[in-house]
K.L.:
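Handing you this structure, nothing more for now.
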Amino acid sequence: MKKRVLITGAAGFLGSHLCDRFIKEGYHVIGMDNLITGDLANIEHLFPLEDFEFAHHDVSKFVHVAGDLDYILHFASPASPIDYLKIPIQTLKVGSLGIHNLLGLARAKNARIMIASTSEIYGDPAVNPQPEEYWGNVNTVGPRGVYDEAKRFQEAITMAYHTFHGLETRIVRIFNTYGPRMRLNDGRVLPAFIGQALRGEDLTVFGDGSQTRSFCYVDDLVEGIYRLLLSDYAQPLNIGNPDEITISQFAEEIIKLTGTTQKIIYKPLPQDDPKQRRPDITKARRILGWEPKVNRAEGLKITYEYFKTLTKEQLEKIDHKDFTNYNK
Ligand code: UDP
């Protein structure tokens with residue numbers, strides 16, 4: 001009998017790559033998504049497979065899955081600052097009501113559950129790099145609060161189910177990740193810069209560009225997640241690439257990569273934008289024997305090739321979703 005895994009957020013960037021990985025590893029995959037920010041194009045290649053099924057469902061409502069489940073991976077959530085502004089209440093609900101439903105499902109099925117947490121739980125961090133022991137510096141009522149606090153609550157409730165009910169749980173803290181299938185217009189910096197280069201627009205650096213990020217290629221992240229799921233480690237674990245750069249340097253790299261003749265222009269720094277971010281992955285190295293393998297030059301090349309396959313129409317769309325009425 002094949003092991004059965006439920007992946008929420010299956011039509012999203014990370015969810016779709018996870019579906020691919022679990023299919024490759026010989027699992028039966030049930031993908032679930034409400035398609036608010038996800039896109040079926042990311043998983044349409046899986047629909048013909050016998051071992052893939054898709055459920056169009058919002059996990060903030062009661063979740064029913066027929067049959068056994070061995071694993072649940074909760075990866076459903078808006079995940080970009082623009083999304084948090086547009087769909088704040090959905091963002092809060094999927095990380096609170098959604099995880100509560102999935103923890104109940106995990107108990108009923110006796111399944112192991114992994115939650116996608118985030119470097120955002122560290123907020124605008126006062127220490128760099130960020131080890132798992134750092135408690136964070138989050139503005140609860142700022143624009144990122146709806147995401148950060150939902151993710152913090154998600155960690156708390158997951159740990160409570162682990163200690164109180166003895167549920168098998170895993171918590172992965174994901175740092176900035178990139179690769180094919182990122183949404184072009186979700187406002188995140190990599191699709192923003194590549195989209196601007198492809199459309200012949202100037203690259204918009206926010207603030208003075210001295211803020212840092214550390215970008216992990218998606219295949220490396222998926223490998224870390226897969227190892228963590230199968231490990232016996234229940235405490236939160238950072239997975240990310242510690243290769244840190246400033247956003248200005250990153251813009252220069254995209255200019256070189258794409259060969260654009262456009263220039264960098266500076267825009268105001270959004271409120272609560274973290275000034276630095278870099279994962280301390282000492283624990284992931286020790287516990288999982290994991291570290292990233294793909295360097296930024298290689299990863300960016302693959303990602304750029306993907307964005308080049310998008311049509312002119314896809315490139316020019318500002319928002320590919322209408323968010324009206326979703327904040328209920
Ligand atoms: N950023 C930028 N120009 C853009 C989009 C983003 O300079 O067009 C900056 C943003 O202010 C932040 C960094 O790039 O400092 C990463 O932003 P992103 O939204 O990708 O993710 P974050 O790590 O901030 O959640």
Side-chain angles (χ1 to χ4, degrees), residues 12-14 37 77-88 91 95 116-125 128-130 136-139 142-152 173-179 181-218 221 238-255 257-258 260 262-279 296 299-300 303-304 307 315 318-319:
F13 165 48
L14 296 183
T37 57
S77 178
S80 88
I82 280 193
D83 291 345
Y84 316 148
L85 289 176
K86 286 185 174 157
I87 41 173
T91 305
S117 189
T118 164
S119 53
E120 280 288 324
I121 64 111
Y122 300 123
D124 185 3
N128 199 46
Q130 295 82 51
N137 176 33
V138 174
N139 176 2
R144 291 172 185 246
V146 294
Y147 182 67
D148 300 6
E149 292 303 331
K151 292 288 187 180
R152 289 170 72 96
R173 289 189 183 150
I174 299 169
F175 284 66
N176 293 66
T177 302
Y178 70 98
R181 304 185 193 152
M182 284 187 99
R183 244 166 69 208
L184 183 74
N185 296 310
D186 72 357
R188 279 178 291 184
V189 67
L190 180 141
F193 286 171
I194 293 188
Q196 287 162 342
L198 288 171
R199 290 189 300 267
E201 297 165 8
D202 291 334
L203 274 62
T204 52
V205 167
F206 297 162
D208 64 2
S210 64
Q211 70 274 33
T212 67
R213 292 296 185 272
S214 310
F215 298 98
C216 184
Y217 186 65
V218 64
L221 182 89
N238 288 342
I239 298 286
N241 189 323
D243 187 2
E244 180 181 13
I245 54 163
T246 68
I247 294 302
S248 305
Q249 281 172 312
F250 189 59
E252 296 289 352
E253 285 188 5
I254 300 293
I255 287 174
L257 172 78
T258 57
T260 177
Q262 303 299 127
K263 58 183 188 313
I264 293 176
I265 52 170
Y266 292 86
K267 300 258 178 180
L269 190 68
Q271 189 195 333
D272 299 342
D273 198 293
K275 283 179 273 310
Q276 50 188 358
R277 184 181 290 150
R278 174 187 181 185
R296 208 165 47 245
L300 285 181
T303 309
Y304 181 45
F307 280 117
L315 280 179
I318 300 301
D319 276 315

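Whatever order the structure lists ligands and atoms in, that order sets their numbers, starting from 1. Quick caveat: nothing in here was measured; it's all calculated off a predicted structure.
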K.L.:
Identify whether the distance between the nearest side-chain nitrogen and carboxylate oxygen of Glu120 and Arg144 falls below 4.0 Å.
P.N.:
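Yes, charged N to carboxylate O under 4.0 Å.
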
K.L.:
Would Phe250 and Arg296 count as a side-chain contact (heavy atoms from CB on, under 4.5 Å) here? Give the steps.
P.N.:
CA-CA 10 Å; Phe250 189 59; Arg296 208 165 47 245; 4.2 Å; yes

K.L.:
Hey, which residues fall under 4.0 Å of ligand 1 on heavy atoms?
P.N.:
Pro81, Glu120, Arg144, Asn176, Gly187, Arg188, Val189, Ala192, Phe193, Thr204, Val205, Phe206, Gln211, Arg213, Ile247, Pro270, Asp273, Arg277

K.L.:
Looking at every non-hydrogen atom in both residues, tell me the closest pair between Ser77 and Tyr147 and how far apart they are.
P.N.:
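Ser77 and Tyr147 have their closest heavy atoms at OG-CE1, 3.6 Å.
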
K.L.:
After noting the C-alpha distance and the side-chain angles of Glu244 and Asn128, does the key distance pass the side-chain contact (heavy atoms from CB on, under 4.5 Å) rule?
P.N.:
CA-CA 10 Å; Glu244 180 181 13; Asn128 199 46; 3.0 Å; yes

K.L.:
Is Asp186 salt-bridged to Lys86, going by a charged N under 4.0 Å from an acidic O?
P.N.:
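No, no charged N to carboxylate O under 4.0 Å.
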
K.L.:
Identify the residue among Ile255, Leu198, Val205, Thr258 that makes a side chain to side chain contact (heavy atoms under 4.5 Å, CB included) with Phe193.
P.N.:
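Exactly one candidate clears the test, Val205.
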
